Amino acid sequence: MIPFLDLQKLNAPYQEKFQENFKSFLNKGWYVLGEEVRHFEQEFAAYCGVKHCIGTANGLDALRMILEGYKILGKLQQGDKVLVAANTYIATILGVKQAGLIPVLVDCEVVDYNFDFYDLSQKITPQCKAIMPTHLYGKLADMEKVSAFAKANNLLIITDCAQAHGARNTDGLRAGNLADASGFSFYPTKNLGALGDAGAITTNDAQLAEILKKYRNYGFKQRYVAEFVGINSRLDELQAAFLRIKLKDLDLQNQRRQEIATLYFEKIKNPAITLPTWDGGNNHVFHLFVIRCEQRDLLQEYLKEKGIATIIHYPVPPHKQEALKAYSQESLPVTELVHNQVLSIPLNPVMSTKDIEHIITTLNAFVC
């Protein structure tokens with residue numbers, strides 16, 4: 001069986017260095033918000049090309065904390081609305097709700113699965129104060145259009161970069177430096193993955209960064225003295241140490257992902273299968289390679305029989321989740337179509353040429 005992702009194999013080259021850093025971590029005796037977190041924040045900020053990085057416990061907290069920080073700064077208020085992709089992972093929407101704000105779900109367009117700008121123009125109201133595009137599957141949203149729309153409507157821009165570590169626009173600016181603030185996840189399966197939960201916020205806003213450093217640590221301005229009501233969401237010192245090791249190889253691993261994607265685009269030739277879109281640039285780092293098929297379930301079962309593991313990202317759209325039943329009657333036709341047809345096939349830096357060729361041959365032989 002070709003696994004969808006073999007995390008043990010992916011992390012195997014780093015084991016010796018992980019063990020060295022773990023021993024160093026134990027010997028230092030400083031376990032929370034120490035020098036490993038500070039160094040990673042500096043290094044990841046430099047990598048993204050921004051002035052500030054604030055480590056968090058996970059990606060969901062990163063998105064929520066950005067919104068909470070803007071509330072403390074007076075740029076958002078309880079009950080304000082945030083425009084968000086209807087077809088994103090549910091965490092994006094939960095972050096908005098947990099911050100006491102109201103998600104406004106915007107349908108996607110069927111070509112690259114990012115905002116449908118016509119639907120976006122229909123959803124904007126004076127109560128909308130922020131827009132939160134998701135760089136879904138590792139491909140940058142159209143930030144030029146998003147920025148123009150935000151400027152015209154006086155919106156804050158907050159990007160969900162959980163799947164797009166290292167993606168760059170045509171000017172060379174990376175995900176994390178294309179918005180007022182951005183949230184990252186370092187969940188183990190991500191392009192830059194920790195060995196547990198971890199996240200971060202990037203921004204060029206010094207005021208916001210200062211607020212968030214306090215907010216993640218109970219709102220403390222100094223030890224045991226809280227300036228405001230915060231939460232406990234700190235990047236783990238050990239995970240920061242591991243992430244520092246893997247960050248050095250991120251661009252090379254993204255390049256390998258793009259090489260595999262190029263083979264898929266060149267060689268998968270089956271009219272029953274719709275491939276994603278890509279212009280060949282660095283705007284897509286292929287966290288996922290997501291195909292579509294009208295007979296998706298049949299295709300998934302066929303691939304399983306042929307020894308190829310796949311995953312559906314995501315089988316139930318957010319507005320059809322029981323947790324978000326207030327949105328269940330919304331008209332989001334493209335989002336629903338996408339969720340009924342998408343299938344993620346294996347694409348990761350440790351795949352063998354044999355496995356890649358087997359996937360291509362098997363997809364081309366599928367008949368529905």
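Note that the numbering runs from 1 along the sequence shown for the chain. Model, not experiment: these values are computed from the prediction.
Under the 6.0 Å cut-off for aromatic ring centres, F186 and F44 qualify, their centroids lying closer than that. Ring-centre distance between F40 and Y47: not below the 6.0 Å cut-off. In this structure, W278 has its ring center closer than 6.0 angstrom to the ring center of F286. The ring of Y14 has its center no closer than 6.0 angstrom to the ring center of F242.
Across every non-hydrogen atom of I312 and R296, the tightest pair is CG2-NH1, 3.4 Å. When all heavy atoms of H339 and Y314 are compared, the pair lying nearest together is ND1-O, 2.6 Å. Contact between P318 and A86 at its shortest, heavy atoms only, is CD-O, 3.1 Å. The shortest non-hydrogen separation linking D107 to L332 is OD2-C, 3.5 Å. For L60 against A91, the heavy-atom pair with the smallest separation is CD1-O, 3.2 Å. Counting all heavy atoms, side chain and backbone alike, T125 lies closest to K81 at OG1-CD, 4.2 Å.
Counted within 6.0 Å of OH on Y137, heavy atoms from surrounding residues, nucleotides or ligands total more than 12; the atom is thus considered enclosed. Within 6.0 Å of atom CD in E294, 12 or fewer heavy atoms from other residues, nucleotides or ligands are found, so the atom counts as exposed in its surroundings. Within a 6.0 Å radius of CZ in F22, other residues, nucleotides and ligands contribute 12 heavy atoms or fewer. Under a cut-off of 6.0 angstrom, the local environment of OH in Y118 is sparse, with at most 12 non-hydrogen atoms contributed by other residues, nucleotides or ligands. For E259, the CD atom counts as densely surrounded, since its 6.0 Å shell holds more than 12 non-hydrogen atoms of other residues, nucleotides or ligands. The number of heavy-atom neighbours closer than 6.0 Å to NZ of K221, taken from other residues, nucleotides and ligands shown, is 12 or below. Other residues, nucleotides and ligands contribute only 12 or fewer heavy atoms inside 6.0 Å of the NZ atom of K306. With a 6.0 Å radius and a threshold of 12 heavy atoms from other residues, nucleotides or ligands, E20 has its CD atom above the threshold.
For the residue pair D61/T56, the side-chain donor-acceptor check at 3.5 Å is not satisfied. A donor atom on one side chain and an acceptor atom on the other are found under 3.5 Å apart for N204 and N177. Between the side chains of R234 and N217, a donor-acceptor pair is found at a separation under 3.5 Å.
Atoms CD1 and OG, from I158 and S182 in turn, are 9.0 Å apart once rounded to the nearest 0.5 Å. Remark: H287 NE2 to L192 CG distance equals 12.0 Å, nearest 0.5 Å. In this structure, I356 CD1 and T361 OG1 are separated by 11.5 Å, a value rounded to the nearest 0.5 Å. The CG atom of N282 lies 12.5 Å from the CG atom of L173; values are rounded to the nearest 0.5 Å. The distance from atom CD of Q122 to atom OG of S331, rounded to the nearest 0.5 Å, is 12.0 Å.
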As a quick check of understanding, evaluate side chain to side chain contact (heavy atoms under 4.5 Å, CB included) for N87 and Y113, giving each step before the final call. CA-CA 8 Å; N87 61 316; Y113 313 128; 3.8 Å; yes
Given the rule in the side chain to side chain contact (heavy atoms under 4.5 Å, CB included) test, do I345 and F4 qualify, once you have shown the distances and angles that lead to the verdict? CA-CA 7 Å; I345 63 174; F4 184 77; 5.7 Å; no
Is there a side chain to side chain contact (heavy atoms under 4.5 Å, CB included) between T203 and V50? Walk through the geometry before answering. CA-CA 6 Å; T203 184; V50 297; over 6 Å; no
Under the criterion side chain to side chain contact (heavy atoms under 4.5 Å, CB included), I'd like the reasoning laid out for V84 against V106: C-alpha separation, chi angles, the key distance, then a yes or no. CA-CA 6 Å; V84 62; V106 180; over 6 Å; no
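Looking only at side-chain heavy atoms (C-beta outward), I93 and T88 come within less than 4.5 Å of each other. I245 places a side-chain heavy atom less than 4.5 Å from the side chain of F18. Inter-residue side-chain proximity for N254 and R257 is flagged as met; some heavy-atom pair is nearer than 4.5 Å. Between R292 and V110 there is a side-chain heavy-atom pair separated by less than 4.5 Å. Taking the side chain as every heavy atom from C-beta outward, L101 and Q77 never approach each other to under 4.5 Å. A 4.5 Å side-chain heavy-atom check between N270 and L363 finds every atom pair outside the cut-off. Using a 4.5 Å heavy-atom cutoff, the side chains of V96 and M132 are in contact. With a 4.5 Å cut-off on side-chain heavy atoms, V342 and H313 do not count as touching.
Ion pairing between E41 and R38 fails under the 4.0 Å rule for side-chain N and carboxylate O. With respect to K213 and E210, no salt bridge is recorded, no charged nitrogen being found less than 4.0 Å from a carboxylate O. A salt bridge links D251 with R174: at least one charged nitrogen is closer than 4.0 Å to a carboxylate oxygen. Of the charged side-chain nitrogens involved, at least one lies within less than 4.0 Å of a carboxylate oxygen, so that E68 and K71 count as a salt-bridged pair.
Tracing side-chain contacts under 4.5 Å through hydrophobic residues (I, L, V, M, F, W, Y), one reaches L275 starting from L299; they form part of the same cluster. Hydrophobic clustering keeps L212 apart from Y218 (ILVMFWY residues linked when any side-chain heavy atoms are closer than 4.5 Å, directly or through intermediates). I54 is not connected to F220 by any chain of hydrophobic side-chain contacts under 4.5 Å among Ile, Leu, Val, Met, Phe, Trp and Tyr, and they are in different clusters. Both L303 and L263 are part of a single hydrophobic cluster, where members link through side-chain heavy atoms under 4.5 Å apart.
A donor-acceptor contact shorter than 3.5 Å is absent between the side chain of T159 and the backbone of C161. E109 places a side-chain N or O within donor-acceptor distance of the main-chain N or O of V111, the cut-off being under 3.5 Å. The backbone N or O of M351 sits nowhere less than 3.5 Å from a side-chain atom of D355 that would complete a donor-acceptor pair. The backbone N or O of K23 lies less than 3.5 Å from a partner atom in the side chain of N27, making a donor-acceptor pair. Panel note: side chain E227, backbone G219; no donor-acceptor pair is recorded below 3.5 Å. Using modelled atom types, one side-chain atom of D236 and one backbone atom of Q239 make a donor-acceptor pair closer than 3.5 Å. The main-chain N or O of Q258 is never found under 3.5 Å from a side-chain atom of Q255 such that the two would form a donor-acceptor pair. For D180 (side chain) and I157 (main-chain N/O), a donor-acceptor pair under 3.5 Å exists by modelled atom type. The main-chain N or O of Y89 is found under 3.5 Å from a side-chain atom of T92 such that the two form a donor-acceptor pair. Judged by distance alone, the side chain of K129 and the main-chain N or O of P126 form a donor-acceptor pair under 3.5 Å.
Tested against T310 for a side-chain hydrogen bond (donor to acceptor under 3.5 Å, both in side chains), the candidates Q300, E301, K304 yield a single pass: Q300.
Residues meeting the side-chain hydrogen bond (donor to acceptor under 3.5 Å, both in side chains) test with E35, sequence neighbours left out: K28.
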Can you give the donor-acceptor pairs under 3.5 Å from side chains of residues 193-202 to other protein atoms, not counting sequence neighbours?
| from | atom 1 | to | atom 2 | distance (Å) |
| --- | --- | --- | --- | --- |
| T202 | OG1 | G176 | O | 2.9 |

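In this structure, K145 satisfies the cation-pi test against F117, with its NZ or CZ atom closer than 6.0 Å to the six-membered ring centre and inside 45 degrees of the ring normal.
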